[in-house]
Amino acid sequence: MTIKEVVKQNPQHMLARAYHFAERAHSGQKRKSGEPYFNHVLQTAETLRQWHMDDAVVAAGFLHDTVEDTKTSLEEIKKSFGDEVAFLIDSVTKLGHIKYRGAENKAENLRKMILALSQDLRVIFIKLADRLHNMHTLSALPPAKQKRVALETDEIYAALAYRLGMQSVSGELKDLAFPYLHPQENKWLLENIKDLYEAREEYLRKIKPTLEEALKKRGIRPLTIDFRAKRHSSLYQKLLLHNMNMDRIYDLVAMRLIMKNVSDCYGALGLIHQLYPPLPGRIKDYIASPKPNGYRSLHTTVIGPEEKPVEIQIRTKEMHEENESGIAAHWIYQEHGSKRKSHKNLARLSEELKWVEQLRSWQDKFQNPESDPAELLQAMKIDFFKNRIFAITPRGDVLDLPAGATPVDFAYHIHSEVGNECVGAKVNDQFVPLDHTLQSGDVVQVLTQKNKRPSEDWLAFVKTSIARDHIRATLKSKERSLTRRTPTKTELRIVVEDRVGLIKDISSVIAHSHVNILSLVTNASQGSKFPIDKVLCEIVDQRKIEKLLLKLKQIKGVKEVSYRLL
Ligand code: MN
């Protein structure tokens, strides 16, 4: 049943109530594009329905902008639609406050933060459906906003969709963002590709019957043979690798054979190679050795009639569905495949894989037809970030910190100097104590003062080893530099020709200069002609010491006097 049918036939149904509630709440409101606002939430709900989301999610799709953009309160939603729908809407509203502005290398943390703030994957689905419609109407916004939203869509939401296994949603989002992010390139593609796409597809269409006939003779019947045109956004990425040389793109339009079973896949591959010579180095058996992300398929590029290269992909229906909708770590493989050797990247990769792994296990549960619905709902809860929080700098950089982290941890994660010179902090524009516990989504501003040093008290509340290590190291170097820069004692070295009463004379001269003697060592007893006395005094200033030295030199029997500061 479509939503419209539900609304007509069962006015008491949650979807019908949500439909009318949203229609009333947004009545009179217009989108920037000029269309009624309600149209946006209707499209969002329709998309969620197409994705087979449950009623609570579709209802939340209708209501997702009511709290933010109308006079409706969350309490009202709770009363009319219950806690679950209210929770979904509240979370979507919170996500709406996160903005990505392309802060360097922080996209991954932002993606994590969005997952952590969502707490439930269904929130992401609503956000993705919302974003899909927003992207379709992006042209109505001012250019600067178009760019920002397109960038966020491309780097954050398309990437999240991809990891959630929603490859077609991800591809659609990327394609929608592409013209805004690369207007020149898009123009070039539109001018240069259209005919080529059509020509290639036409060419494949001509080969298809020959191929089908040959397969049939061997008793192999593909379930379907279709053509897959490469998306603009991914075509562009590939063209960049090949100096924009279109002749190097063999899979602009690929032929895709979906087979009944694995042996038919290999049978078809063998036969195709008998019909058309394969291009060396282009046969890939991802069934025998799947890609690290689990992708399975046979790929080959053959030289077809008129000497034209054709890419052919062969897989079972099961593999196809898994490739399209499985949690695709494919993204990680493509993005990091070439940098794998670097140790740092490997560590980061394993961190990323960890949460993608968790998403995968979530998906396995979801796809198992025997799963208990209550258990499935539980599985939607995102708890793999429960030990992390994600806080943002005023510039929009997202820092990934352990739960319980404080502004001091935050400061040291920005830079050790920022940590050392930290004197205060503001969280979401409010002053907070330095031991304040940060929450995911907090915007944290660190206040600093030049030449400030960390306090030992901080060690009692910081949560990260980076902060702790820096505080300890800085305190230690402070102690050392104190002893070096401000000596506390003076040692006088007095070479004497010993005589009776000499020590007493020396002591009394020092005492008369108002300098306290801490200790006095004499080695007169060792029989040297000119023994040395060492006198340790309390600190005195340089001038005072020099005067004292002059007086000491006048004592009979004193040969030489020198001093050093300790
Ligand atoms: Mn919206």
Side-chain angles (χ1 to χ4, degrees), residues 3 14-15 17-51 53-74 76-77 80-81 84-101 110-111 113-115 117-142 144-158 160-161 164 166 169-170 172-173 176-177 180 441:
I3 289 179
M14 187 201 253
L15 292 187
R17 288 191 295 116
Y19 180 103
H20 291 302
F21 192 104
E23 201 175 30
R24 239 178 299 123
H26 289 292
S27 84
Q29 272 185 343
K30 286 236 170 8
R31 298 277 285 177
K32 285 263 161 55
S33 58
E35 59 177 340
Y37 204 106
F38 177 70
N39 195 33
H40 165 66
V41 297
L42 175 62
Q43 293 300 326
T44 305
E46 293 273 19
T47 302
L48 290 164
R49 179 90 173 169
Q50 277 165 28
W51 293 346
M53 295 287 144
D54 60 44
D55 289 345
V57 178
V58 181
F62 271 118
L63 303 165
H64 79 272
D65 280 331
T66 51
V67 174
E68 182 77 6
D69 294 329
T70 75
K71 287 182 191 123
T72 312
S73 71
L74 198 61
E76 274 175 76
I77 299 280
S80 307
F81 297 95
E84 193 182 6
V85 173
F87 159 77
L88 292 172
I89 292 167
D90 190 35
S91 304
V92 173
T93 306
K94 277 182 194 147
L95 283 193
H97 298 152
I98 301 172
K99 300 266 187 302
Y100 178 63
R101 296 193 159 80
L110 193 68
R111 286 179 214 124
M113 179 164 85
I114 284 169
L115 281 176
L117 277 184
S118 302
Q119 296 175 61
D120 190 317
L121 284 173
R122 294 176 301 167
V123 174
I124 307 277
F125 297 143
I126 298 168
K127 191 71 196 169
L128 290 173
D130 172 44
R131 185 50 62 102
L132 262 180
H133 185 253
N134 284 342
M135 288 306 291
H136 278 293
T137 54
L138 192 63
S139 61
L141 297 187
K145 203 163 176 197
Q146 287 174 353
K147 265 242 147 69
R148 192 197 70 72
V149 174
L151 186 71
E152 184 177 274
T153 299
D154 188 60
E155 295 197 15
I156 307 298
Y157 289 104
L160 275 174
L164 289 167
M166 308 170 89
V169 176
S170 168
E172 196 179 345
L173 286 172
L176 286 167
Y180 297 97

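Heavy atoms only: backbone and side chains are in, while hydrogens, waters and symmetry mates are out. Predicted model only: the values in this text are computed from it and were never measured. In listed order, ligands and their atoms are each counted from 1.
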Audit row: Ser139, Tyr180, side-chain contact (heavy atoms from CB on, under 4.5 Å) steps and yes/no: CA-CA 9 Å; Ser139 61; Tyr180 297 97; 3.5 Å; yes
Under-2.8 Å protein N/O/S neighbours of the Mn ion (ligand 1), ordered by chain then residue number: His40 NE2, His64 NE2, Asp65 OD2, Asp130 OD1
Lys/Arg N to Asp/Glu carboxylate O, Glu84 vs Arg122, below 4.0 Å: yes
Side-chain donor/acceptor of His40 to backbone N/O of Tyr37, under 3.5 Å: no
Sidechain-backbone polar pair: Arg111 side chain, Glu155 backbone, donor-acceptor under 3.5 Å: yes
Close side-chain approach of Phe21 to Ile77, heavy-atom, < 4.5 Å: yes
Heavy-atom donor-acceptor pair, Arg17 side chain to Ser80 backbone, under 3.5 Å: yes
